[in-house]
Amino acid sequence: MDSVSKVYGKGPAAVHALREVSVSFARGTFTAVMGPSGSGKSTFLHCAAGLDRPTSGQVRLAGADISGLDENALTALRRERIGFVFQAFNLLPSLTVEQNITLPLRLSRRRTDRAWLTQILERTGLETRSRHRPSELSGGQQQRVALARALVTRPDVVFADEPTGALDSTTGREILLLLGESVKALQQTVIMVTHDPVAASHADRVLFLSDGRLAGSLQSPTTDEVAERMAHLGNR
Ligand code: ADP
């Protein structure tokens, strides 16, 4: 993204949620985005993933500018080119695991590549769970379904929004390791918003936001380095 700004509201009440943020994400890399509450993390995710349009600046996905697309085009783009993993799993309770995973394909009228589906089920350890409903699974298993659903379309980018927020630390670690493996083994690009330094330490790089601005980055971060940077950014 190039010089992306997002302003909510107008005049004296205007909130500058993002200020001229420029950053790029290489294919097959895992980036964590951190910052104090209110620093612009959600706004960043929404603009980068085509869930919202920036006020100014450009967002490019695989070389194409998506910042000016209309709502229909953005919906199609999100369905076909972007995968999402949310804190709350967001699975459909009436569908089986396999139906949940393949839902993005059905929504964009694409055929399911069975070999790819099998690979993803194996990778996420869900082979024996494919006919179960989400309510029959643990939280960690449900998040693995969400990850499989995000990977099934072979998206350009997977966005993860606090993917471990609803999980205990052991289960959370399992999800982070799976995310990391999908980056390495599938060359999947992953961008994860988190407030947890442990989660961020699984990424190749951490970006820090402060007051809507990019406030530095860390390469191959350790938990302690991330925590120390966060302490200096302060909480508002
Ligand atoms: P974070 O995710 O880091 O907590 P956000 O991106 O949610 O930060 O918010 C950044 C700033 O933009 C905050 O000051 C927040 O109050 C403001 N903001 C976010 N969304 C809206 C909105 N829809 N309308 C007005 N202000 C908003």
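Just so you know, ligand 1 is whichever comes first in the structure, and atom 1 is the first atom listed for that ligand.
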Should one rank T43, V15, V33 by closest heavy-atom distance to atom 5 (P) of ligand 1, which comes out on top? T43

As a check for students: among K41, M34, K6, identify the option with a heavy atom nearest to atom 3 (O) of ligand 1. K41

Look at ligand 1 and say whether S39 reaches it with a heavy atom at a distance under 4.0 Å. yes

So is P36 touching ligand 1 or not, going by heavy atoms under 4.0 Å? yes

Quick one: which ligand 1 atoms are inside 4.0 Å of a heavy atom on A17? 10 (C), 11 (C), 12 (O)

Only residue of L179, T194, V183, L177 satisfying side chain to side chain contact (heavy atoms under 4.5 Å, CB included) with H202 is L177

Verify the cluster assignment for F208 and V23: are they in a single hydrophobic cluster under the rule of side-chain heavy atoms below 4.5 Å apart? no

Atoms in ligand 1 flagged as close to S42, the criterion being non-hydrogen separation under 4.0 Å: 1 (P), 2 (O), 6 (O), 7 (O)

Strictly below 4.0 Å, N to O, side chains only: are D65 and R60 in salt-bridge contact? no

G38 touching ligand 1 at heavy-atom level, < 4.0 angstrom: yes

Which heavy atom of S108 sits nearest to which heavy atom of P104, and what is that distance? OG-O, 3.0 Å

Residue pairs fulfilling salt bridge (charged side-chain N to carboxylate O under 4.0 Å, His left out) with at least one residue in residues 195-207, sequence neighbours excluded: K184-D204

Numbering the atoms of ligand 1 from 1, which are under 4.0 Å from a heavy atom of S37? 4 (O)

Side chain to side chain contact (heavy atoms under 4.5 Å, CB included) against F84, all qualifying residues, sequence neighbours excluded: A49, L51, R78, I82, F86, F159

